[in-house]
Structures are given as structure tokens and as C-alpha cells.
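These notes concern the structure reproduced below.
Since we're looking at a predicted model, the values are computed, not measured.
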Amino acid sequence: MYNTHGYSFPHIAFSSLQAQQCFEKYIQLEQKLDIDPLSFSFKTHTALPWVREICMAPKILDKVSDILGNDILCWSSSFFIKKPLAGKFVSMHEDSLYFQPTEPDNVVTVWLAINPTNQETGCMEYVPGSHKNDYIHKHLLDKDNLLPKGQTVQGDFHTVPVELAPGEFSLHHIKLLHQSGKNTTKRYRIGLVLRYCKPSCRIQMFSEPSAITVKGTNTNTQYWQEDYIPKQDLDIAGLEYIKYTIDKDFTNE
């Protein structure tokens, strides 16, 4: 299914109890920071040890290695949050236009449900087979769009809702078209998005690329540096690195 449709789901990363523990950690994090979590969301694994552990979760890596092989890097971990009744959405888009991978087929995105994600809470919707085509994006700014530049592919598409239970995840190709609607419930919808690639792949958006070697060997050390390992939650060095990277590389996202 992944090769033909550009995605597969559902897969199990860990138990619903472990997912609930992650949810509680996230809520505590939000309360401590008292800011929009998206402002530090690009490499959360450099500031939060428990996110780094999720990036290296065996059941996730088993599925990713079926696609990428035995040498795997994880270069991104981002929370996508929809608070209760907040009206946030994600416009139809694909990610390769902005990250600019040199080998799109060697990049896999994992979308992990921290709590229930369904059509009422604003789950993702995939366009089957769209990873095989190229699309033109427009920048349509909207304060409720979780994509800050409003990158949008316009048109009528058949979509498949990606409904996931806590602890389940989906896999999708970096060129796959996807979107998500508004959370119309009184519950949070929290997803953790992880991006993996082969070491041979370069992400041209980044001027100083770094990643975690999550499986096998980093066979491209002249390009990929190893990510900082956080010593505690909200590790100051990790938070500073996240801010530095976002300020440097995301200005033209």
C-alpha cells in the first residue's frame, strides 16, 4: 500500500497507557512554557529526552526500515496541536517543496497519535497516489492555518481520513498531499510528527543539517552531524538550538 498509495496505517508504536503518559507530559510542558508550542517544535528531541526515545521506538523503526533499509536517520520531531474548539486546520499541501530532499523516495514521515485522532478532532486526510505527481502551491495566509506560510494546493481531491487510536501511527511519503480539518470537540488532538531518511539523502532547506542515527550507521557524516542529546526536559542547550535552527532556516519556509 505504501508504494502505490503513498501511505500506510494504522501501526502500533506503544500502548494506550504509554500514550496517555505522553499526553500528560505534553500538557505539563505546555503549562510550564506558557507559549505556543509550535515556536520550538522543529527538533523537540534535542530538548525533551522522552521525545528522543519515541524517535527510536523499536516498533516505529521496524516499519520505517521496511521502506528505508537498515541505516536510518531522524532529522525532525514536531508537535501538531489542535486545542479544543480552537478552529485550527492544515491546508492541502505536500512537504517536499519546502524541505527539498534530494531523494524524496528515501524520506518517510511518521504521524503518531498521542490521543484519539478522528474526523471530529481534525485527523489528517491523505490523497492516495498523489506522491507520484507534482503540484503548484499558493501561499494563502490564514491565522487558523497551522502552516504559517499558508502553503496550499487548490483543487478537488478524494481523501482518506487517517483515524488513529492513542499510540498508533501512520507512515506517508514526503510528496503525498495531505490536509486536516478543525477540531470540533472539547478534547485536545495531539500528534507527534517524525521524519526519517537514508543517510544518502540531503535536506536542502537546512544549512547545517543534523539528525539522530536511530538505526544502523550514519554513512554520510560529511553532511549529517549528530543531534544534541538532551540531559533533562526543556534542556536549555536543546531549546537554544531549536530557536537557532528555526530562525536560520525557516524564514523562507
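- For C197 against C201, the heavy-atom pair with the smallest separation is CB-CB, 4.2 Å.
- Rounding to the nearest 0.5 Å gives a distance of 8.5 Å between CG of D142 and OG of S91.
- In terms of hydrophobic clustering, with Ile, Leu, Val, Met, Phe, Trp and Tyr side chains grouped at heavy-atom distances under 4.5 Å, M124 and V153 are assigned to different clusters.
- Within the 3.5 Å criterion, the main-chain N or O of I203 finds no donor-acceptor partner in the side chain of W75.
- The backbone N or O of K88 lies less than 3.5 Å from no partner atom in the side chain of D144, so there is not a single donor-acceptor pair.
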Step by step, would you call S200 with T219 a side-chain contact (heavy atoms from CB on, under 4.5 Å)?
CA-CA 7 Å; S200 58; T219 56; 5.9 Å; no

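- A donor and an acceptor atom, one from each side chain of E24 and Q28, are nowhere located under 3.5 Å apart.
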Check the pair Y196 / S76 against side-chain contact (heavy atoms from CB on, under 4.5 Å), numbers first and verdict last.
CA-CA 8 Å; Y196 298 88; S76 175; over 6 Å; no

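- At most 12 heavy atoms of other shown residues, nucleotides or ligands fall within 6.0 angstrom of atom CD1 in I236.
- The two residues A113 and A165 make their nearest non-hydrogen contact at CB-O, 3.6 Å.
- Across C55 and L194, no two heavy atoms sit closer than the pair SG-CD2, 3.8 Å.
- In this structure a side-chain-to-backbone donor-acceptor pair under 3.5 Å is present from R189 to G122.
- Other residues, nucleotides and ligands contribute at most 12 non-hydrogen atoms within 6.0 Å of the CD1 atom of I136.
- A distance-only check finds no donor-acceptor pair linking the side chain of E103 to the backbone of D105 [under 3.5 Å].
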Hey, mind stepping through H139 and T152 against side-chain contact (heavy atoms from CB on, under 4.5 Å) and telling me if it holds?
CA-CA 6 Å; H139 290 85; T152 304; over 6 Å; no

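- A distance of 5.5 Å separates CG of L192 from OG1 of T44, quoted to the nearest 0.5 Å.
- Between Y188 and Y26, the two ring planes are perpendicular [angle over 60°; tilted spans 30° to 60°].
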Could you walk me through whether N70 and S65 pass side-chain hydrogen bond (donor to acceptor under 3.5 Å, both in side chains), step by step?
CA-CA 6 Å; N70 292 323; S65 64; 5.0 Å; no

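- Checked by atom type and distance alone, the side chain of E240 never pairs as donor or acceptor with a backbone atom of A237 at under 3.5 Å.
- Between the CG atom in D247 and the NZ atom in K243 there is a gap of 4.0 Å [rounded to 0.5 Å].
- Side-chain rings of F9 and W111 stay apart, their centers remaining 6.0 Å or farther from each other.
- A distance-only check finds no donor-acceptor pair linking the side chain of D235 to the backbone of L239 [under 3.5 Å].
- C22 and W50 get closest at one heavy-atom pair: O-CH2, 3.8 Å.
- Heavy atoms from other residues, nucleotides or ligands lying under 6.0 Å from CD1 of I229 number 12 at most.
- Proximity of K83 to N183: side-chain heavy atoms (C-beta onward) are nowhere separated by under 4.5 Å.
- For I12, the CD1 atom counts as loosely surrounded, since its 6.0 Å shell holds 12 or fewer non-hydrogen atoms of other residues, nucleotides or ligands.
- Using modelled atom types, no side-chain atom of S130 and backbone atom of L176 make a donor-acceptor pair closer than 3.5 Å.
- Taking hydrophobic clusters as Ile, Leu, Val, Met, Phe, Trp and Tyr residues chained together by side-chain heavy-atom distances below 4.5 Å, F169 shares a cluster with I67.
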Intermediate values then yes/no, side-chain hydrogen bond (donor to acceptor under 3.5 Å, both in side chains), E125 and T159:
CA-CA 6 Å; E125 301 171 26; T159 63; 3.1 Å; yes

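- If you chain together hydrophobic residues whose side chains sit under 4.5 Å apart, L177 and I174 never meet in one group.
- The two residues M56 and L61 have their closest heavy-atom pair at O-CD1, 3.7 Å.
- A distance of 6.0 Å or more separates the ring centres of H173 and Y7.
- Outside the 6.0 Å centre-distance limit, the rings of Y241 and Y228 are not counted as a close aromatic pair.
- Atom NE2 of H131 is separated from atom NE2 of H5 by 9.5 Å, given to the nearest 0.5 angstrom.
- The structure places OG of S170 at 12.5 Å from CD of E163, a figure rounded to the nearest 0.5 Å.
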Stepwise, does the side-chain hydrogen bond (donor to acceptor under 3.5 Å, both in side chains) test hold for D227 with T46?
CA-CA 7 Å; D227 266 329; T46 63; over 6 Å; no

Quick one: do V214 and L73 satisfy side-chain contact (heavy atoms from CB on, under 4.5 Å)? Show the steps, please.
CA-CA 6 Å; V214 293; L73 306 180; 5.9 Å; no

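- Of the charged side-chain nitrogens involved, at least one lies within less than 4.0 Å of a carboxylate oxygen, so that K175 and D134 count as a salt-bridged pair.
- Distance alone, capped at 3.5 Å, is enough to place a donor-acceptor pair between the E226 side chain and the T213 backbone.
- Cluster annotation: F157 is not connected to V162 through the hydrophobic network of ILVMFWY side chains, with a link wherever side-chain heavy atoms come within less than 4.5 Å.
- Taking the six-membered ring for Trp and the full ring otherwise, the centers of Y135 and H178 sit at least 6.0 Å from each other.
- At least one side-chain heavy atom of K248 sits under 4.5 Å from a side-chain heavy atom of E208.
- In this structure the side chain of K25 never reaches within 4.5 angstrom of the side chain of L29, judged on heavy atoms.
- Connection of I114 to L234 is established within a shared hydrophobic cluster, with ILVMFWY side chains joined at heavy-atom distances below 4.5 Å, either directly or through further cluster members.
- In plain terms, the two heavy atoms of P10 and L164 that are nearest each other are CB-CD2, 3.9 Å.
- Atom CD1 of I242 sits about 9.0 Å away from atom CZ of F42, to the nearest 0.5 Å.
- No side-chain donor-acceptor contact under 3.5 Å links T117 and K82.
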For R195 and D95: C-alpha separation, side-chain torsions, deciding distance, then whether salt bridge (charged side-chain N to carboxylate O under 4.0 Å, His left out) applies.
CA-CA 11 Å; R195 293 187 172 93; D95 297 322; 3.3 Å; yes

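- In this structure a side-chain-to-backbone donor-acceptor pair under 3.5 Å is missing from Q100 to S96.
- Electrostatic pairing of K32 and D233 does not count as a salt bridge here, judged by no charged N lying under 4.0 Å from a carboxylate O.
- H137 has its ring centre no less than 6.0 Å from the ring centre of H93.
- For the side-chain contact (heavy atoms from CB on, under 4.5 Å) with K215, the lone residue among I72, V64, L68, D71 that qualifies is I72.
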Apply side-chain hydrogen bond (donor to acceptor under 3.5 Å, both in side chains) to residues K43 and S77 and explain how you reach the verdict.
CA-CA 5 Å; K43 280 182 178 281; S77 56; over 6 Å; no

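- Under the 3.5 Å distance criterion, the side-chain polar atoms of S8 are left unmatched by any main-chain donor or acceptor of Y2.
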